[in-house]
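Have a look at the structure below, then the notes.
Reminder, nothing fancy here: chain letters follow the sequence lines and each chain counts from 1.
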Protein chains: 2
Amino acid sequence: MLTDRQLLILKIIVDDFIRFGQPVGSRTLSKKEQITFSSATIRNEMADLEELGFIEKTHISSGRVPSQKGYRYYVDHLLPPVQLTQKDVQAIQSIFHEQIYELEKLIEKSAQILSDLTNYTTVVLGPSVKEHKLKTIQIVPLNAETAVAIIVTDTGYVEKHVVTLPSSIPPSDVEKMVNILNERLTGVPLEDLTDKIQTEVAHVLREHIQSYDHMLRMISYSLDLNAPAQMFLSGKMNMLRQPEFSDIDKLRALLNVIEQEKEFYRLLRKHKQQGIQVKIGTENDVEGMENCSLITATYSVDGEKLGTIAVLGPTRMEYSRVISLLNLVATDLSKVLSVWYQKD
Amino acid sequence: MLTDRQLLILKIIVDDFIRFGQPVGSRTLSKKEQITFSSATIRNEMADLEELGFIEKTHISSGRVPSQKGYRYYVDHLLPPVQLTQKDVQAIQSIFHEQIYELEKLIEKSAQILSDLTNYTTVVLGPSVKEHKLKTIQIVPLNAETAVAIIVTDTGYVEKHVVTLPSSIPPSDVEKMVNILNERLTGVPLEDLTDKIQTEVAHVLREHIQSYDHMLRMISYSLDLNAPAQMFLSGKMNMLRQPEFSDIDKLRALLNVIEQEKEFYRLLRKHKQQGIQVKIGTENDVEGMENCSLITATYSVDGEKLGTIAVLGPTRMEYSRVISLLNLVATDLSKVLSVWYQKD
DNA sequence: TTTAGCACTCGCTTCATTAGAGTGCTAACA
DNA sequence: TGTTAGCACTCTAATGAAGCGAGTGCTAAA
């Protein structure tokens with residue numbers, strides 16, 4: 001177990017390194033007002049801390065830098081009490097006081113304010129579209145051979161697919177089918193649509209519609225969703241400004257991950273239970289993110305998780321501040337969505 | 001005027017520099033098989049070319065590098081004849097042989113193949129949405145207070161807006177309004193909708209609908225388009241691999257431009273007439289693009305420009321190859337769209 | 001247990017040196 | 001008169017030595 005003095009030293013090392021980005025030496029530490037003992041004592045303690053794996057040197061005679069384990073301990077046990085400035089709080093709340101009716105816009109704004117305030121990158125995973133319930137299906141013919149199929153969910157999400165619709169199919173059939181689909185499928189979660197069509201709708205369609213085959217294929221294609229959930233990124237380029245990424249190769253690796261997006265999707269999906277989660281460096285298990293931490297929070301309605309909101313920064317990131325900001329945004333977002341979804 | 005020999009030297013310098021990225025010296029040049037005269041002669045000619053502003057030195061005793069004026073002359077007069085490989089041609093045509101019915105997907109694929117083949121960044125400006133004609137307007141109520149208004153155009157483009165719809169408004173009124181709008185506005189280009197509503201639809205609505213004010217405001221809001229045209233970028237991160245951007249500051253500046261997107265919008269809009277256009281370095285007049293060239297092409301149907309497709313690379317880019325690729329994609333795209341739009 | 005002191009290590013910067021690539025100029029050549 | 005060989009010169013990039021400063025580990029004394 002660590003002594004109180006070791007904890008103090010570890011905390012100050014991490015705080016200082018987060019602040020200034022420079023390895024912290026015993027002399028620097030001895031000058032801090034919280035510290036009443038000499039640099040030699042500090043050196044002894046630091047040697048112990050290093051042996052335990054909480055800090056490390058960049059080279060044999062350098063100051064110390066937190067190791068991944070050190071950050072982990074810091075985040076788990078040493079986080080300084082939060083203090084957001086009035087400014088931060090106001091900036092965030094101003095968004096949620098605006099009259100916004102579109103989920104996408106609200107989420108986008110949340111992501112943007114977070115990346116602006118932190119200077120890191122923000123990722124937000126929207127509610128899983130699969131769980132949204134179908135409000136209506138529409139098929140709008142465009143010309144002799146194509147039509148656009150439009151799906152609307154109870155959350156106001158709209159998705160479209162252009163489909164072929166040979167002129168041999170009578171318009172009345174199309175109309176009939178749309179009616180049948182809406183009658184039978186309204187209120188069904190999107191993920192269950194395919195099943196429901198097979199079990200309950202197919203036989204009705206076969207009875208009433210001539211080109212049953214083509215139509216069924218077409219409608220299945222339309223319901224095959226592009227995106228299982230929408231993802232929004234903001235402040236992608238903020239990482240350029242972080243001094244740890246002045247190395248072009250590290251930067252390349254990271255920007256590739258950011259650009260790909262699919263890794264984020266995986267990471268954010270992983271976060272199931274409520275609350276804040278901090279993943280440091282290699283804990284993320286993504287190549288290119290060794291020097292990054294990802295802090296995720298969920299937002300929810302009635303205790304049920306809707307989506308995830310996350311901030312990506314260097315491992316040397318302002319954990320305390322980011323966690324507070326994230327908490328604030330997540331709870332505000334949850335509140336607004338609770339009001340929306342109540343009205344159903 | 002430049003002599004034939006000067007032209008030959010200029011051409012070889014540009015070709016060589018594009019290929020290897022290193023300043024070209026007289027000795028290197030004298031070894032090229034096209035060159036029959038000595039390095040001393042070359043030095044004399046180069047001194048003249050430099051005085052005329054076509055080439056420059058990176059430092060006083062270095063080899064020569066094309067200046068912006070040099071690239072300009074090269075592009076205008078010295079482009080080597082095109083030779084695309086079988087592979088390139090096949091890669092491009094494979095896209096256009098796929099069964100794709102969605103404009104967005106087709107454009108996205110075009111952008112992607114171009115950025116893959118060139119290793120540069122591709123930008124495509126879709127057809128101006130404003131000119132699309134309204135196919136239908138739908139209003140789908142979501143809950144007691146909101147609804148989603150959906151606009152579909154003749155090209156299959158779909159746009160949605162969530163709007164407030166107080167429960168005090170009778171559903172029959174909404175239905176009535178939608179009918180009136182569809183009756184009067186189908187086939188009208190989106191850009192004319194607002195006018196048309198004021199002049200032709202407003203008075204009809206007033207006659208038939210109670211909460212005329214709110215409804216009119218709502219519908220105006222819905223028709224206020226987000227995007228005047230859609231833009232697609234592909235291969236944003238390709239620029240990371242260009243050796244000219246191993247300087248982190250230049251990279252930052254460029255990625256900011258790429259991320260902002262609005263500059264591209266401006267640049268691509270500028271290209272009105274048909275054909276290929278090459279803008280080199282500062283000709284683009286965008287900060288951060290001093291070391292880039294932008295090659296744009298238009299695609300069109302029946303001689304009428306629909307959109308623009310562009311490749312962004314370093315000034316030291318493979319002009320000849322990119323121009324050919326761009327030409328091929330643009331003409332193929334035009335062909336496919338001609339078939340689509342013929343059927344209206 | 002704490003601290004002062006000291007030898008030692010390493011990274012960073014500066015400075016000088018050298019090799020190499022390339023130039024401009026001059027004088028000789030065809 | 002145009003072309004070329006030759007040479008002095010310039011500048012970059014790479015290399016290495018020297019000195020500085022920050023920091024460490026260890027020892028011995030308080």
To the side chain of [X], which of [options] is closest?
X	options	answer
S26(B)	dT23(C), dA4(C), dC11(D)	dT23(C)
I60(A)	dG25(D), dA4(C), dT9(C)	dT9(C)
R43(A)	dG5(C), dT4(D), dT3(C)	dG5(C)
E50(A)	dT3(C), dT4(D), dG25(D)	dG25(D)

Under-4.0 Å side-chain N/O to phosphate OP1/OP2 contact, [X] with [N]:
X	N	result
R64(B)	dT23(C)	yes
T41(A)	dT3(C)	yes
K57(A)	dG11(C)	no

Can you tell me if [X] uses its side chain to pair, donor with acceptor, with the backbone of [Y] under 3.5 Å?
X	Y	result
K11(A)	P80(A)	no
T298(A)	T308(A)	no
R43(B)	S26(B)	no

Next item on the list: Take atom CZ of R5(A) and atom C1' of dT3(C), then tell me their distance rounded to the nearest Å.
Entry: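 Answer to the nearest Å: 11 Å.
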
Check: Any N or O donor-acceptor pair linking the side chain of S61(A) to the base of dT9(C) at under 3.5 Å?
Finding: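 Such a pair is found, so the answer is yes.
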
Check: So which one's nearest nucleotide on DNA chain D is more toward 5', M46(A) or F37(B)?
Finding: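 Between the two, 5'-proximity favours F37(B).
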
Check: Given that T58(B) and A40(B) both sit by DNA chain D, which one's nearest nucleotide is further toward the 5' end?
Finding: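 In this pair, the answer is A40(B).
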
Check: If you look at every strand shown and take non-hydrogen atoms under 4.0 Å, does S62(A) touch a base, only sugar-phosphate, or nothing?
Finding: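 Here S62(A) touches the backbone only, sparing every base.
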
Next item on the list: Tell me yes or no: between the side chains of Y319(B) and S293(B), is some donor less than 3.5 Å from an acceptor?
Entry: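 Distance-only check passes for Y319(B) and S293(B).
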
